[in-house]
Amino acid sequence: QDVLRVARTRFPGIQIVLAHCSVQGQGAENKIANAIKHLDLKECCDTILVVRGGGSFEDLFCFQEKVVVEAIYNAQTPIITGIGHEIDHCNADFVADRRAATPSQAAEIAVFNSAELNRVIKGFRWQINKRVSEVYERQFNRLQHATRALEQVPARTQHYTLNLKHIRMKLKLAMNS
């Protein structure tokens with residue numbers, strides 16, 4: 001329940017697929033391995049959490065078994081283990097993609113914090129708006145400069161036209177004389 005609470009607190013809309021199985025006692029190792037294989041083959045998860053709250057060494061022994069270790073090692077889906085408490089280590093931890101000290105920490109590692117994601121998105125949005133404004137302002141200034149230059153064209157052409165008329169008149173007078 002702690003894993004579900006942490007995951008849903010960090011990202012309220014998260015979809016969680018549970019594979020219920022025994023995590024201690026006779027035959028638990030086969031049930032755990034089968035659950036891992038099933039989730040991995042379904043390709044329904046971005047990450048698989050193999051978690052179990054604390055317990056005695058004997059309670060956690062099924063996570064030492066070869067069948068569980070091989071299932072984790074062979075899985076294509078990334079696996080985070082969170083088995084027992086911080087001081088507990090088992091063979092499953094050594095082949096997992098990531099080890100968490102507790103099941104709750106496994107959920108924290110696996111599930112992105114939506115508040116942090118929103119903060120990052122707002123930061124990106126601000127940067128994008130700033131860049132767009134800068135580009136807009138630069139292009140607007142270029143357009144204003146071009147507009148002013150074009151506004152001067154009629155005055156310049158009129159000046160050149162008058163000069164050409166004056167030169168023509170001088171040439172005619174020079175040719176007639």
Side-chain angles (χ1 to χ4, degrees), residues 1-140:
Q1 293 301 317
D2 284 344
V3 171
L4 296 175
R5 181 186 48 76
V6 168
R8 289 193 173 119
T9 299
R10 292 177 65 80
F11 203 96
I14 191 167
Q15 292 182 353
I16 299 172
V17 177
L18 298 175
H20 294 283
C21 64
S22 299
V23 291
Q24 71 182 55
Q26 188 174 2
E29 63 275 1
N30 290 322
K31 292 176 183 172
I32 295 167
N34 288 337
I36 293 167
K37 291 174 189 175
H38 174 73
L39 291 174
D40 190 44
L41 288 174
K42 269 180 80 171
E43 296 180 355
C44 60
C45 306
D46 296 326
T47 307
I48 297 172
L49 302 184
V50 177
V51 295
R52 188 214 188 276
S56 67
F57 177 76
E58 293 77 21
D59 291 341
L60 303 177
F61 194 77
C62 56
F63 295 98
Q64 303 282 37
E65 297 292 340
K66 181 178 180 181
V67 66
V68 173
V69 171
E70 286 178 342
I72 293 171
Y73 180 81
N74 291 323
Q76 298 300 306
T77 308
I79 295 183
I80 301 172
T81 56
I83 301 165
H85 295 297
E86 292 183 34
I87 59 169
D88 298 318
H89 291 277
C90 59
N91 292 337
D93 293 329
F94 297 111
V95 294
D97 295 284
R98 180 91 188 260
R99 177 199 178 267
T102 64
S104 295
Q105 187 185 45
E108 289 175 0
I109 292 167
V111 180
F112 202 86
N113 186 329
S114 62
E116 177 67 15
L117 179 61
N118 286 333
R119 189 190 67 71
V120 169
I121 289 170
K122 284 180 183 176
F124 285 147
R125 186 177 292 136
W126 181 85
Q127 287 178 357
I128 289 169
N129 287 337
K130 182 180 177 202
R131 297 286 188 261
V132 167
S133 294
E134 289 170 354
V135 168
Y136 173 79
E137 189 174 330
R138 236 184 353 263
Q139 295 303 328
F140 183 77

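Because only heavy atoms are used, hydrogens play no part in the values below, and waters and symmetry mates are left out as well, while side chains stay in.
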Among V23, V68, V69, N34, find the residue that satisfies the side-chain contact (heavy atoms from CB on, under 4.5 Å) test when tested with E29.
-> V68
Rounded distance (nearest 0.5 Å) linking atom [atom1] of [X] with atom [atom2] of [Y]:
| X | Y | atom1 | atom2 | result |
| --- | --- | --- | --- | --- |
| E65 | I32 | CD | CD1 | 9.5 Å |
| L4 | S104 | CG | OG | 10.0 Å |
| I48 | H38 | CD1 | NE2 | 10.0 Å |

Shortest non-hydrogen contact from [X] toward [Y]:
| X | Y | result |
| --- | --- | --- |
| F112 | F11 | O-CD1, 3.5 Å |
| P103 | G82 | CG-O, 3.3 Å |
| A106 | L49 | O-CD2, 3.8 Å |
| A107 | A7 | CB-N, 4.3 Å |
| L60 | G84 | CD1-CA, 4.1 Å |
| I72 | A92 | CD1-CB, 3.5 Å |

Can you tell me if [X] has over 12 outside heavy atoms packed within less than 6.0 Å of its [atom1]?
| X | atom1 | value |
| --- | --- | --- |
| E137 | CD | no |
| N118 | CG | yes |
| Q127 | CD | yes |
| Y73 | OH | no |

Under the side-chain hydrogen bond (donor to acceptor under 3.5 Å, both in side chains) test, which residues partner [X], sequence neighbours left out?
| X | value |
| --- | --- |
| R10 | none |
| T77 | D40 |
| E70 | none |
| R119 | E116 |

Can you find a pair of side-chain heavy atoms, one from H89 and one from R99, that are under 4.5 Å apart?
-> yes
Side chain to side chain, F63 and V50, heavy atoms closer than 4.5 Å = yes
If we ignore hydrogens and angles and just use 3.5 Å, is the side chain of [X] paired with the main-chain N or O of [Y] as donor and acceptor?
| X | Y | result |
| --- | --- | --- |
| N129 | W126 | no |
| D97 | I80 | no |
| Q64 | N91 | yes |

Results of side-chain contact (heavy atoms from CB on, under 4.5 Å) for V17 - residues two or more places apart only | L39, C44, C45
With N30, which residues qualify under side-chain contact (heavy atoms from CB on, under 4.5 Å), at least two apart?
-> V67
